[in-house]
Participant: 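The following block contains the structure, expressed as structure tokens.
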Amino acid sequence: MCIRDSIRTVQFHPELPWIVSASDDQTIRVWNWQSRNCISVLTGHSHYVMCASFHPTDDMIVSASLDQTVRVWDLSLIHISEPTRLLSISYAVFCLKKKKKKK
């Protein structure tokens with residue numbers, strides 16, 4: 001599986017070996033960074049997805065798109081598909097967020 005459009009944002013899950021990505025192909029993808037597999041593709045936005053983020057305490061992903069919607073995805077309802085190996089990413093990643101350390 002190759003992402004064919006720009007990735008707008010990525011974020012690491014606080015506990016699981018997962019990364020969430022938002023991209024111009026109108027999808028949110030959940031990746032297992034240990035196995036380098038895409039484990040779920042979330043569809044529903046009708047324009048570029050500008051950001052996606054794991055909720056810090058609940059099993060949710062929140063995404064925002066240029067279609068002027070914010071969507072909340074319940075991770076407990078997401079079907080984890082057969083792994084698809086990440087072969088390459090064709091375009092640049094615009095933003096990589098790092099969780100701030102608490103002082």
Participant: Among all residues two or more places apart in sequence or in another chain, which pass the side-chain hydrogen bond (donor to acceptor under 3.5 Å, both in side chains) test with S63?
Facilitator: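 Partners of S63 by the side-chain hydrogen bond (donor to acceptor under 3.5 Å, both in side chains) criterion, ordered by chain and then number, come out as H45, W73.
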Participant: From C51 SG over to I28 CD1, what is the distance, rounded to the nearest 0.5 angstrom?
Facilitator: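 Reported value, rounded in 0.5 Å steps: 9.5 Å.
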Participant: Check whether T27 reaches the backbone of R29 with its side chain - one donor and one acceptor, N or O, closer than 3.5 Å.
Facilitator: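 Checking the backbone N and O of R29 against the side chain of T27, no donor-acceptor pair under 3.5 Å is found.
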Participant: Would you kindly confirm whether L66 and V20 end up in one hydrophobic cluster when ILVMFWY residues are joined by side chain heavy atoms under 4.5 Å apart?
Facilitator: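 No.
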Participant: Transitively linked via ILVMFWY side-chain contacts under 4.5 Å: I19 with I7?
Facilitator: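 Linked, I19 and I7 end up in one cluster.
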Participant: Suppose we screen for side-chain hydrogen bond (donor to acceptor under 3.5 Å, both in side chains). Which residues come up paired with S76, at least two apart in sequence or across chains?
Facilitator: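 Once residues adjacent in sequence are excluded, the partners of S76 under the side-chain hydrogen bond (donor to acceptor under 3.5 Å, both in side chains) criterion are D74.
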Participant: Linking I/L/V/M/F/W/Y whenever any side-chain heavy atoms sit under 4.5 Å apart, do I39 and F54 land together?
Facilitator: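 Linked within one cluster.
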Participant: Kindly give the cluster partners of V72, where membership spreads through any ILVMFWY side chain lying under 4.5 Å from a current member.
Facilitator: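 For the cluster that includes V72, the remaining residues are M60, V62, V70.
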Participant: Calculate, to the nearest 0.5 Å, the distance between atoms CH2 and CG belonging to W18 and N37 respectively.
Facilitator: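 It comes to 13.0 Å.
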Participant: Minimum heavy-atom separation for P56 and P14, please, with both atom names.
Facilitator: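 Residues P56 and P14, closest heavy atoms: O-CG, 4.2 Å.
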Participant: Who are the side chain to side chain contact (heavy atoms under 4.5 Å, CB included) partners of T57, not counting sequence neighbours?
Facilitator: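 Residues passing side chain to side chain contact (heavy atoms under 4.5 Å, CB included) with T57: H55.
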Participant: Tell me the closest heavy-atom pair linking S21 and V10, and the distance in Å.
Facilitator: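 For S21 versus V10, the nearest heavy atoms are CB-CG1, 3.7 Å.
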